[in-house]
Amino acid sequence: MTQTVSREPYSVAVDQQVLDDLQARLALTRLPVVPTGDPWAHGTSLAYLKQLVAYWRERFDWRAWERRINGFEQYRIGVDGFDIHVLVRRAADPAALPVLLTHGWPGSIVEFLDVADRLADPAAHGVEGPAFTAVIASLPGYGFSAPPAAPVTPATVARAWHRLMTEGLGFARYGAHGGDWGGVITSLLALDKPEGLCAIHLSGATQSAPWSIKDQPLDADEEAYLAVSRGRMAAEAGYQTIQGTRPATLSYGLTDSPAGLAAWIGEKFRNWTDRDGGDDPTVGMDVLLANIMLHWLPGPGPATWMYRYLIDGSALTLPEGRRIELPTGICSFPNDFGPPAPERWLRRSYNLRNRTIASGGGHFPGIERPVELTEDIRRYFASLDG
C-alpha cells in the first residue's frame, strides 16, 4: 500500500552545544605531514586547510546562514519512507511554474539559495522575464533531511521527488533542474515521464545510452570527448571508488574530524571550479563552509551511500532501447570535472531542446555562476511554458 505523504512546517535551529562541540574539535585539529612540492599535487593543500580551519573557528557565522535559510518557507515532507527538508521561494504570481532544484555531492541546498531568489523575483535582481516558484530539496541524509536506513537508488529518490512535488506541495505541473546526483535524479524522474512533470534542465549531462552506439557509431567529436573524459576521471575518480565501496570506513574520519571533512570536500571545490590562474579555490570560504556545515551537522556518512550505484554503472546507464523523451535543456560549464559533451552524444540519451555552453564556471554553478545558471533555467522553461 502506498504511504500517505505528510508535511510539517520546519525551521532550522541548531543546538548551541553542537556548535560548541565543533569549535572544540577545530581547536584540537591535528594536521598531517604532507609531501613537499606542489601543495595540491597529492590532495588538499596543507596551507589552504590551515587557513580554512582558522576561518571556520574565528570568522564563520553559522547563525547568519541559519537566518538566511529560515527566510524561506520550509517543510519536512514525509514521502516513501524519507523525511525530506524542503525550501520554497514562491513567485508572486500563484500561476508561476514551480521548478524543483536538486543538488548533488559534495553540494547542498546552499548551491541554490541565490538561484531560488533570482528565479522567484527577477525584478528584484534587475532582470526582465517570468518568475518561477523555486523548490529546493535536500537529498536523503544531507543537511536537514533524515538519513535513510540503507543505501537508496537515485531512481527511488526520483519517484519520491514526484510525490513530494504533487502530493506534498500540491503542484499539478512543474519543471525540474539538477546537477551531479541531482542531474541523475532529475534525468531518471524524466525517464518515467510522470504526469505533471513538463520538462527538465541540467547543469551537465549524466545519462548515457550505450545501446545506441550499435546503430549509430561514435563520430570523431564523440570519440575525442570520451577520451578527454576518461583522462580527467582517471585523476579524479579515487573518491568515487572509496565512497562507492567503503563508505562506512571513510565516514568514521569525516564524522569525527571537521578538518578532515573540510579537506575531503574542499579539494573538490578547488579541482572542479574556475581558478582564474590561482592555485586555491575561488569559491569564498564563507559559502564553502556553509556548504560543509550542511554535511557536518547531520554526519556525512549517508551522503556517500548512493555511490555504490555509480560504481556498478546502474545510476548513469539508460535501459536498453530507452532514452529521456521529455524536453531537456542542458547548460554545460567548461571547468566541470568532465568537458562539455558534443550535442550528438547528448541526443543519444535526451530529447535535447536547448544547449548552452557557459562562459565559465565548473561543477557548482549555483555558487560560481548563479546569474548565468538562473537565466539559462529561466529562458529554457519560459520557451516551453504555456
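Note that the structure is predicted; figures quoted are calculated from it, not measured.
Checked against W272 for a side chain to side chain donor-acceptor pair (under 3.5 Å), the options E267, E236, E368, H363 give a single hit: E236. When each of D219, D221, L226 is checked for a side-chain contact (heavy atoms from CB on, under 4.5 Å) with W345, only L226 meets the rule. With F364 as the fixed residue, the ring pair (Phe, Tyr, Trp, His ring centres under 6.0 Å) test singles out one of F112, F269, F337, F333: F269. Screening D376, D114, D336, D274 against R369 for a salt bridge (charged side-chain N to carboxylate O under 4.0 Å, His left out) leaves a single residue, D274.
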Would I292 and L261 satisfy side-chain contact (heavy atoms from CB on, under 4.5 Å), going step by step from the backbone distance to the final call?
-> CA-CA 8 Å; I292 291 171; L261 179 64; 4.0 Å; yes

Please assess D21 against Q17 for the test side chain to side chain donor-acceptor pair (under 3.5 Å), listing each intermediate value before the final yes or no.
-> CA-CA 6 Å; D21 173 78; Q17 289 183 340; over 6 Å; no

Verify side chain to side chain donor-acceptor pair (under 3.5 Å) between S359 and E372, making sure each step is shown before the conclusion.
-> CA-CA 9 Å; S359 60; E372 203 162 357; 3.2 Å; yes

Stepwise side chain to side chain donor-acceptor pair (under 3.5 Å) check, R355 with S332 = CA-CA 8 Å; R355 168 66 181 291; S332 301; 3.2 Å; yes

Pair R275-D280, salt bridge (Lys or Arg N to Asp or Glu O under 4.0 Å): steps then yes or no = CA-CA 7 Å; R275 289 202 294 281; D280 292 341; over 6 Å; no

Could you walk me through whether L197 and K193 pass the side-chain contact (heavy atoms from CB on, under 4.5 Å) check?
-> CA-CA 7 Å; L197 177 63; K193 294 189 290 186; over 6 Å; no

Take T102 and H177 through the test side-chain contact (heavy atoms from CB on, under 4.5 Å) and record every step on the way to the result.
-> CA-CA 6 Å; T102 307; H177 163 83; over 6 Å; no

Go through the steps to decide whether T241 and R246 satisfy the test side-chain contact (heavy atoms from CB on, under 4.5 Å), and finish with yes or no.
-> CA-CA 8 Å; T241 302; R246 296 294 183 268; over 6 Å; no

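No donor-acceptor distance shorter than 3.5 angstrom exists from the side chain of S257 to the backbone of G253, with no hydrogens or angles considered. A donor-acceptor pair under 3.5 Å links the side-chain atoms of Q3 to the main chain of G81, judged by distance alone. A distance-only check finds no donor-acceptor pair linking the side chain of W296 to the backbone of P258 [under 3.5 Å]. Side-chain N or O atoms of T317 include none that pairs as donor or acceptor with a backbone N or O of S314 at under 3.5 Å. A distance-only check finds no donor-acceptor pair linking the side chain of S349 to the backbone of R323 [under 3.5 Å]. Between the side chain of T356 and the main chain of A358, no donor-acceptor pair closer than 3.5 Å is present. Here the side chain of Y55 pairs no donor or acceptor atom with the backbone of M285 at under 3.5 angstrom. In this structure a side-chain-to-backbone donor-acceptor pair under 3.5 Å is missing from E167 to T4. Counting only distance, with no hydrogens or angles, the side chain of T186 and the backbone of G182 share a donor-acceptor pair below 3.5 Å. In this structure, the side chain of T29 engages the main chain of L26 through a donor-acceptor pair within 3.5 Å.
To the nearest 0.5 angstrom, D80 atom CG is 10.5 Å from W161 atom CH2. Rounding to the nearest 0.5 Å places OG of S187 at 8.0 Å from CG of L318. Separation of atoms OG1 (T328) and CG (N354) is listed at 11.0 Å; rounding is to 0.5 Å. Considering OG of S208 and CG of L346, their distance stands at 11.5 Å, rounded to 0.5 Å. Summarising the geometry, atom CD1 belonging to I109 is positioned 4.5 Å from atom CG belonging to L87; distances are rounded to the nearest 0.5 Å. How far OH of Y380 is from CD1 of I200: 7.0 Å, rounded to the nearest 0.5 Å.
Looking only at side-chain heavy atoms (C-beta outward), V18 and D15 come within less than 4.5 Å of each other. With a 4.5 Å cut-off on side-chain heavy atoms, R353 and S383 do not count as touching. The shortest side-chain heavy-atom distance between L97 and T133 does not fall under the 4.5 Å cut-off. Looking at heavy atoms from C-beta onward, N351 lies out of side-chain contact with L326 at the 4.5 angstrom threshold. For the pair F132/D93, no side-chain contact is recorded, criterion being any heavy-atom separation below 4.5 Å from C-beta on. At a threshold of 4.5 Å between non-hydrogen side-chain atoms, the residues K268 and W105 count as touching. No side-chain heavy atom of H85 sits under 4.5 Å from any side-chain heavy atom of Y142. With a 4.5 Å cut-off on side-chain heavy atoms, F82 and T156 count as touching.
The local environment of CD in Q16 is crowded, with over 12 non-hydrogen atoms from other residues, nucleotides or ligands closer than 6.0 Å. Atom CZ of R308 has 12 or fewer heavy atoms from other residues, nucleotides or ligands within 6.0 Å. More than 12 heavy atoms of other residues, nucleotides or ligands shown are found within 6.0 angstrom of CZ on R63.
In this pair, F144 and Y10 present their aromatic rings tilted. The plane angle is within the 30 to 60° band. Note on ring orientation: taking the six-membered ring where Trp is involved, the planes of F381 and H201 are tilted (angle from 30° to 60°).
Minimum heavy-atom separation, S203 to G179: OG-CA, 3.3 Å. Scanning all heavy atoms of the two residues, the minimum distance from L139 to H103 falls at N-NE2, 3.1 Å.
Aromatic ring centres of W40 and Y48: separated by under 6.0 Å. Aromatic ring centres of Y307 and Y239: separated by under 6.0 Å.
Annotation: side-chain contact (heavy atoms from CB on, under 4.5 Å) contacts of T166 (sequence neighbours excluded): H162, Y174.
Ion pair R59/D286 not flagged as a salt bridge, since none of the NZ, NE, NH1 or NH2 atoms sits closer than 4.0 Å to an Asp/Glu carboxylate oxygen. By the 4.0 Å N-to-carboxylate-O rule, R322 lies too far from E320 to be salt-bridged with it. Note on R348 versus E222: salt bridge recorded, some NZ/NE/NH1/NH2 to OD/OE distance being below 4.0 Å. Using a 4.0 Å cut-off between charged nitrogen and carboxylate oxygen, E73 and R89 do not count as a salt-bridge pair. Contact check on R90 versus D121 returns no salt bridge, with no Lys/Arg side-chain nitrogen under 4.0 Å from an Asp/Glu carboxylate oxygen.
Both V53 and L31 belong to a single network of hydrophobic side chains, linked directly or stepwise wherever heavy atoms of I, L, V, M, F, W or Y lie under 4.5 Å apart. Criterion: ILVMFWY side-chain heavy atoms under 4.5 Å apart, direct or through other members. Under it, W305 and I265 are not part of a common hydrophobic cluster. Under the 4.5 Å side-chain heavy-atom criterion for Ile, Leu, Val, Met, Phe, Trp and Tyr, V184 and M233 are members of the same hydrophobic cluster. Put simply, L22 and F60 are part of the same group of oily side chains (I, L, V, M, F, W, Y) that touch within less than 4.5 Å, one to the next.
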